[in-house]
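Just so you know, ligand 1 is whichever comes first in the structure, and atom 1 is the first atom listed for that ligand. For the numbers below, each heavy atom of this structure counts, side chains included, while hydrogens, waters and symmetry mates do not.
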Amino acid sequence: MNKKIAALEIIEKEFKQSIATKRLGQVSEFLKVTTSTNDIAWEMFSNGSLHGTLIVAGKQTKGRGRRGRQWISPSGGLWCSLLLHADSIQKITTIQLPLIAGVATAAAIQEFTHGNGGVEISLKWPNDLIINNKKFGGILAESRSNAIVLGIGINCNLKIEALSHRWQNLRPTNILFPATSLLEESKQEVNIGKLLAAILLSIETWLSKVQDEGFQVVVSRWKQISRIIGKTVKINTGTQTIEGVVSDLDESGALIVKEPQGTYKTIIAGDVEAPL
Ligand code: BT5
């Protein structure tokens with residue numbers, strides 16, 4: 001049997017043995033290779049799939065990030081998407097969802113790798129998972145009528161070369177932060193199936209916390225994990241570059257930046273290019 005098929009089969013088996021959610025991932029599809037798990041999730045939405053349907057790929061040939069950017073997805077990573085029906089996540093927006101998922105995913109990974117190399121996870125606004133100032137994961141929320149697809153990509157058991165030899169295809173200007181993986185940082189392989197089950201449980205728990213207590217609960221946790229408040233940053237919004245000191249994350253998930261001249265800017269989307 002092909003080693004990669006076996007690997008994905010093992011991930012699926014371990015995931016199914018460990019899953020403890022009520023809805024997220026109760027229906028799942030594991031694909032050896034696909035274009036983008038977000039594409040498959042949208043196809044499944046068109047075909048009437050349930051809220052919480054999970055798509056996992058062993059590798060992606062057209063993994064994507066925000067603004068049409070490429071997401072490198074060789075085998076050894078966790079590449080997955082969740083189909084979320086709007087009526088099941090009422091009042092949660094496409095801006096808030098990556099922040100909720102970021103907090104939930106960071107907590108799950110932190111706990112999961114505890115005692116296993118002791119990595120310290122941080123978050124970079126709006127959607128990056130960071131260890132030691134290097135990006136090891138990203139989140140992509142796409143919304144269409146009545147649904148949001150939440151894509152999560154995590155460099156798990158990958159050597160950095162597996163990314164960097166594909167990296168040359170990317171424009172260097174796209175590399176906002178150097179990449180890393182859980183393996184590179186903790187020197188140990190993670191059990192991807194069990195990690196996925198832990199992440200889904202954490203997302204489900206955080207989503208219901210937000211429904212019960214409001215988004216503020218995520219704002220507080222996010223501010224602790226991100227350590228960006230009070231830092232001087234440069235943010236590219238696509239139309240302009242804003243420099244200033246981050247003063248807050250607001251109730252909508254937007255970043256509030258105080259410019260040198262004293263004005264406050266509310267930024268709902270962009271790339272933090274560098275803490276200066
Ligand atoms: C993201 O976009 O960080 C969101 C990535 C979401 C990927 C998941 S995988 C499952 C699901 N299916 C998909 O097709 N996508 C989702 P953004 O913030 O735009 O960052 C993209 C940038 O990250 C690229 O321009 C590169 O600079 C960098 N990058 C690409 N691949 C990477 C990797 N494997 N690890 C670290 N950085 C990477």
Worksheet item: Where on C80 is there a heavy atom closer than 4.0 Å to ligand 1, on the side chain, on the backbone, on both, or on neither?
Response: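 The answer is the backbone of C80.
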Worksheet item: Taking non-hydrogen atoms only, is K135 closer than 4.0 angstrom to ligand 1 via side chain, backbone, both or neither?
Response: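 Within the 4.0 Å criterion, K135 contacts ligand 1 through backbone and side-chain atoms alike.
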Worksheet item: Would a distance-only check, ignoring hydrogens and angles, find a side-chain to backbone donor-acceptor pair under 3.5 Å from N191 to K194?
Response: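 Here the side-chain-to-backbone pair exists.
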Discussion item. Donor-acceptor check, side chain of D250 to backbone of S252, threshold 3.5 angstrom: yes or no?
Written reply: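 Yes, the answer is positive, given that a donor and an acceptor are paired below the 3.5 Å cut-off.
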Item to complete: Answer with yes or no whether the side chains of T37 and Q60 bring together a donor and an acceptor at under 3.5 Å.
Response: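 Side chains of Q60 and T37: pair found under 3.5 Å.
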Worksheet item: Taking atom types as modelled and ignoring hydrogens, do the side chains of N38 and S36 form a donor-acceptor contact shorter than 3.5 angstrom?
Response: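 No, S36 and N38 have no side-chain donor paired with an acceptor closer than 3.5 Å.
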Would you say [X] and ligand 1 have an N/O pair spaced under 3.5 Å apart?
X	result
K62	no
N127	yes
I72	yes
W79	no

For [X], atoms of ligand 1 separated by under 4.0 Å from a heavy atom:
X	result
Q60	9 (S), 10 (C), 11 (C), 12 (N), 13 (C), 14 (O)
L163	34 (N)
A179	36 (C)
T37	10 (C), 11 (C), 12 (N)
G63	14 (O)
N155	33 (C), 34 (N), 35 (N), 36 (C)
R64	5 (C), 6 (C), 7 (C), 13 (C), 14 (O), 15 (N), 16 (C)
I139	4 (C)

Practice prompt. State plainly whether one hydrophobic cluster holds both I199 and W206, where clusters connect Ile, Leu, Val, Met, Phe, Trp and Tyr through side-chain heavy atoms under 4.5 angstrom apart.
Written response: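 Yes.
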Worksheet item: What orientation do F15 and F30 show, parallel under 30°, tilted 30 to 60°, or perpendicular over 60°?
Response: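 Taking F30 first and then F15, their aromatic rings sit tilted (interplane angle of 30° to 60°).
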Discussion item. So, taking the atom named CD in E184 and the one named CG in L163, what distance separates them when rounded to the nearest 0.5 Å?
Written reply: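 So the CD of E184 and the CG of L163 are separated by 8.5 Å.
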Worksheet entry | Ion pair R227/E120, N-O distance below 4.0 Å |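 A salt bridge links R227 with E120.
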Worksheet item: Do NZ/NE/NH1/NH2 and the carboxylate oxygens of R66 and D128 come within less than 4.0 Å?
Response: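 Salt bridge flag = no for D128 with R66.
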Worksheet item: Of the listed options (P74, G151, A141, A57), which comes nearest to atom 16 (C) of ligand 1 when hydrogens are ignored and any heavy atom counts?
Response: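 The residue whose heavy atom sits nearest atom 16 (C) of ligand 1 is G151.
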Worksheet item: Considering Q70, R66, K134, which one's heavy-atom position lies nearest to atom 24 (C) of ligand 1?
Response: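 That would be Q70.
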Practice prompt. Might you work through the salt bridge (Lys or Arg N to Asp or Glu O under 4.0 Å) test for E9 and K13, ending with a clear yes or no?
Written response: CA-CA 6 Å; E9 280 175 348; K13 189 168 155 229; over 6 Å; no
